[in-house]
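Okay, so here's the structure we're looking at.
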Amino acid sequence: MCVLALSSPARSQDHASHMTGPSKSKDHCQGSGLECANAATPFFDQDGKLFLAWTANGVVSVAQSQDLGKTFASPVKIAEHSKSLDVGADARPQILVDKLSNVFLAYAFFKDSNWNAQINTSRSTDGGKTFSTPESLIQDGSSQRFPSALIRSDGSIFMSWIDKRLVATAKQGGEKRLGGSIAYSFSQDGGKTFQTERIANESSCECCRIGVTLDLKVQPVIVYRAIFPGGIRDQASQVITAKAAEPIRRVADDQWKTDACPHHGPTIAISESGKFHVAWYTQGSKRSGVFYANSTNQGVTYSQPTRVGKEGASVSRPYLLASGKQVWLVWKEFDGSDSSVYLKQSDDDGKSWSTPRVISKTNGYSDHPLLLSQGADVFLSWLTRNDGYQLIRIVDK
């Protein structure tokens, strides 16, 4: 075990796990274990067992921990795709566990050298001991990437992803179409089958993750980088009802005009009041950096964006979590040598925020910081190469 030596912030948290691994760069670690992973996604089941899905050197694996990540059972290899596995900056496996301990997994891999991808899903009906042979989420032959999944209390699963079918159709007709589209689907049988997919927005960035959560009506709400007229790539949110996707709502008018994709998607959380909390990265002409805003009317309008992190600092990868009136926001800052995860929290639904504090720090490669909850506890999940996988319980001062 390796416990990071932090200064005063260490007194306000519990380092539940620092799973150590060799000090290697992202490019030279050769195994498929967690010590060589490039991305890891956690999920707590209803009994508090931690499931962790990761990708390392073309292999997708899942392991379980009964002690908050201090130790893990032997990993189960789900699939091996060698160099064709999608390990882009915003790509990560998705894992969900229902009340019956059935496990659902989704990931993407490239089908060809033109970056056309396929999303595969796999299921376990024995608590994660064995998994089904991965199969394509949908039958459309175009490209699908960046799956984002959530599970509702009734066990139904919502999936959204970046879909290129409209781009492929336009190309066949001799038309150039930018970006991709936001597609989604529901499963009522634990991911065994999915309903016919639908398009929520025909014009989106093609390589940014989709943020997703549930509103007070248990409806999925997504946030993503849309393409607005004139090639402007700014953030948008949408509520997804059982009937259709509701209107596209612009989160902020950043005016980021670019034909490139930043591989840097947004995050969303919804508090008990129904307020939408959103954070994102932009390089727009009106503002540049990482920002936060909220909405009290289902995304129809948003508050004036406020900066996250220090102005002029290298700030990235925000992630939000809400419970009751409390909202937590983490992000990364890089000082040229070390990457630090900062945390600030609001106890009044985003009206005011605590002073940001460092809760973990590492040198070398690190994944995005993620937040998850188990009962009344909130945890930071952070995969690092030099200091291992970290599951840190966040404790109020």
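Scope of the values below: all heavy atoms of this structure, side chains included, with no hydrogens, waters or symmetry mates.
- Closest heavy-atom contact between Pro134 and Ala79: CG-CB, 4.0 Å.
- With 3.5 Å as the limit, one finds no donor-acceptor pair spanning the side chains of Tyr107 and Asp86.
- The distance from the OG atom of Ser181 to the CG atom of Leu166 is 4.0 Å, given to the nearest 0.5 Å.
- Comment: Lys192 does not engage Glu135 in a salt bridge, judged by the lack of any side-chain N to carboxylate O separation of less than 4.0 angstrom.
- With 3.5 Å as the limit, one finds no donor-acceptor pair spanning the side chains of Asp335 and Ser337.
- In summary, the aromatic rings of Phe158 and Phe186 are positioned with their centroids under 6.0 Å apart.
- Using a 4.0 Å cut-off between charged nitrogen and carboxylate oxygen, Arg92 and Asp367 count as a salt-bridge pair.
- With a 4.5 Å cut-off on side-chain heavy atoms, Ile95 and Phe104 do not count as touching.
- Between the side chains of Asp377 and Ser373, no donor-acceptor pair is found at a separation under 3.5 Å.
- There is a side-chain donor-acceptor pair under 3.5 Å between Glu333 and Trp331.
- In this structure, His263 and Phe146 have perpendicular ring planes: the angle between them is above 60°, well past the 30° mark.
- Neither Ile268 nor Leu214 shares a network with the other; the hydrophobic side chains, linked directly or stepwise wherever heavy atoms of I, L, V, M, F, W or Y lie under 4.5 Å apart, form separate groups for each.
- Using modelled atom types and a 3.5 Å distance limit, the side chains of Ser285 and Gln255 yield no donor-acceptor pair.
- Here the side chain of Arg225 pairs no donor or acceptor atom with the backbone of Ser204 at under 3.5 angstrom.
- There is a side-chain donor-acceptor pair under 3.5 Å between Ser366 and Lys332.
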Practice task
Please test Tyr342 against Lys310 for side-chain hydrogen bond (donor to acceptor under 3.5 Å, both in side chains), starting from the C-alpha separation and ending with a verdict.
Solution key: CA-CA 11 Å; Tyr342 280 80; Lys310 298 184 290 289; 3.3 Å; yes

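- Side-chain atoms of Gln46 and Lys99 include no donor-acceptor pair closer than 3.5 Å.
- Not a single donor-acceptor pair under 3.5 Å links the side chain of Ser136 to the backbone N or O of Gln139.
- Using a 3.5 Å distance cut-off with no hydrogens or angles, the side chains of Thr384 and Asn386 do not pair a donor with an acceptor.
- Expressed to the nearest 0.5 Å, how far CG of Asn297 lies from OH of Tyr302 amounts to 8.5 Å.
- Between Ser148 and Val212, the closest heavy-atom pair is OG-CG1, 3.1 Å.
- Inspection of the Ser187 and Asp189 side chains reveals an N or O donor paired with an N or O acceptor under 3.5 Å.
- Put simply, CG on Asp349 and CG on Asn294 are 7.5 Å apart, with the number rounded to the nearest 0.5 Å.
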Exercise for the section: Please lay out, stage by stage, how Ser360 and Gln390 fare under the test side-chain hydrogen bond (donor to acceptor under 3.5 Å, both in side chains). Expected result: CA-CA 9 Å; Ser360 194; Gln390 304 176 25; 2.4 Å; yes

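- Taking every heavy atom of both residues into account, Ala40 and Pro42 meet most closely at O-CD, 4.0 Å.
- When atom types are taken as modelled, the side chain of Arg385 and the backbone of Cys36 share a donor-acceptor pair closer than 3.5 angstrom.
- A donor-acceptor pair shorter than 3.5 Å cannot be found between the side chains of Trp382 and Asp387.
- A donor and an acceptor atom, one from each side chain of Gln238 and Tyr224, are located under 3.5 Å apart.
- Taking the six-membered ring for Trp and the full ring otherwise, Trp115 and Phe110 have centroids separated by under 6.0 Å.
- Minimum heavy-atom separation, Ala183 to Ile199: CB-CD1, 3.9 Å.
- Hydrophobic clustering (side-chain heavy atoms under 4.5 Å, transitive across Ile, Leu, Val, Met, Phe, Trp, Tyr) keeps Ile222 apart from Leu320.
- A donor and an acceptor atom, one from each side chain of Tyr281 and Gln283, are located under 3.5 Å apart.
- A donor and an acceptor atom, one from each side chain of Asn102 and Thr125, are nowhere located under 3.5 Å apart.
- Residues Asn57 and Ser32 have side chains that never bring a donor and an acceptor to within less than 3.5 angstrom of each other.
- Between Phe51 and Phe44, the ring center distance fails the sub-6.0 Å criterion.
- For the residue pair Gln144 / Ser142, a side-chain donor-acceptor distance below 3.5 Å is found, with atom types taken as modelled.
- Side-chain N or O atoms of Thr362 include none that pairs as donor or acceptor with a backbone N or O of Ser339 at under 3.5 Å.
- When the SG-SG distance for Cys205 and Cys261 is compared with the 2.5 Å cut-off, it comes out at or above that value.
- Taking the ring centre of Phe228 as origin, the terminal cationic atom of Arg250 falls inside the region bounded by 6.0 Å and 45° from the ring axis.
- Trp353 and Tyr292 have their aromatic ring centers within a separation under 6.0 angstrom.
- Remark: Asp163 engages Arg165 in a salt bridge, criterion side-chain N to carboxylate O under 4.0 Å.
- Residues Ile138 and Trp161 form a side-chain contact, since some pair of their non-hydrogen atoms from C-beta on lies under 4.5 Å apart.
- We find that Asp347 and Lys325 are not joined by a salt bridge, their nearest charged nitrogen and carboxylate oxygen being 4.0 Å or further apart.
- The distance from the OG atom of Ser160 to the CD1 atom of Ile210 is 4.0 Å, given to the nearest 0.5 Å.
- There is no side-chain donor-acceptor pair under 3.5 Å between Ser237 and Arg249.
- Here the CD atom belonging to Glu197 is positioned 11.0 Å from the CE atom belonging to Met159, to the nearest 0.5 angstrom.
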Problem - From CA spacing to verdict: side-chain hydrogen bond (donor to acceptor under 3.5 Å, both in side chains), Trp280, Asp254 - result: CA-CA 11 Å; Trp280 71 96; Asp254 296 334; 2.8 Å; yes

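- Side-chain atoms of His277 and Ser271 form a donor-acceptor pair, as typed in the model, at a separation below 3.5 Å.
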Practice task
Give the intermediate values and the outcome of side-chain contact (heavy atoms from CB on, under 4.5 Å) for residues Leu96 and Ile157.
Solution key: CA-CA 9 Å; Leu96 305 169; Ile157 293 173; 3.8 Å; yes

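- Grouping the Ile, Leu, Val, Met, Phe, Trp and Tyr side chains by contacts below 4.5 angstrom, directly or via other members, places Leu370 apart from Val223.
- Checking side-chain atoms of Asn114 against main-chain N and O of Asn116 turns up no donor-acceptor pair under 3.5 Å.
- Remark: the backbone N or O of Gln195 is paired with a side-chain donor or acceptor of Ser185 at under 3.5 angstrom.
- Val330 is listed as a side-chain neighbour of Leu371, based on a closest heavy-atom distance under 4.5 Å.
- One finds the CG atom of Asn38 at 8.0 Å from the CG atom of Leu383 (value rounded to the nearest 0.5 Å).
- When each of Ile151, Leu52, Val103 is checked for a side-chain contact (heavy atoms from CB on, under 4.5 Å) with Phe43, only Ile151 meets the rule.
- No side-chain heavy atom of Val315 sits under 4.5 Å from any side-chain heavy atom of Phe291.
- Here the closest non-hydrogen pair linking Arg233 and Leu178 is NH2-CB, 4.3 Å.
- The heavy-atom pair separating Gly180 from Glu206 by the smallest distance is N-CB, 4.1 Å.
- Salt-bridge formation is not detected for the pair Asp67/Lys49: no Lys NZ or Arg NE/NH1/NH2 atom is positioned less than 4.0 Å from an Asp or Glu carboxylate oxygen.
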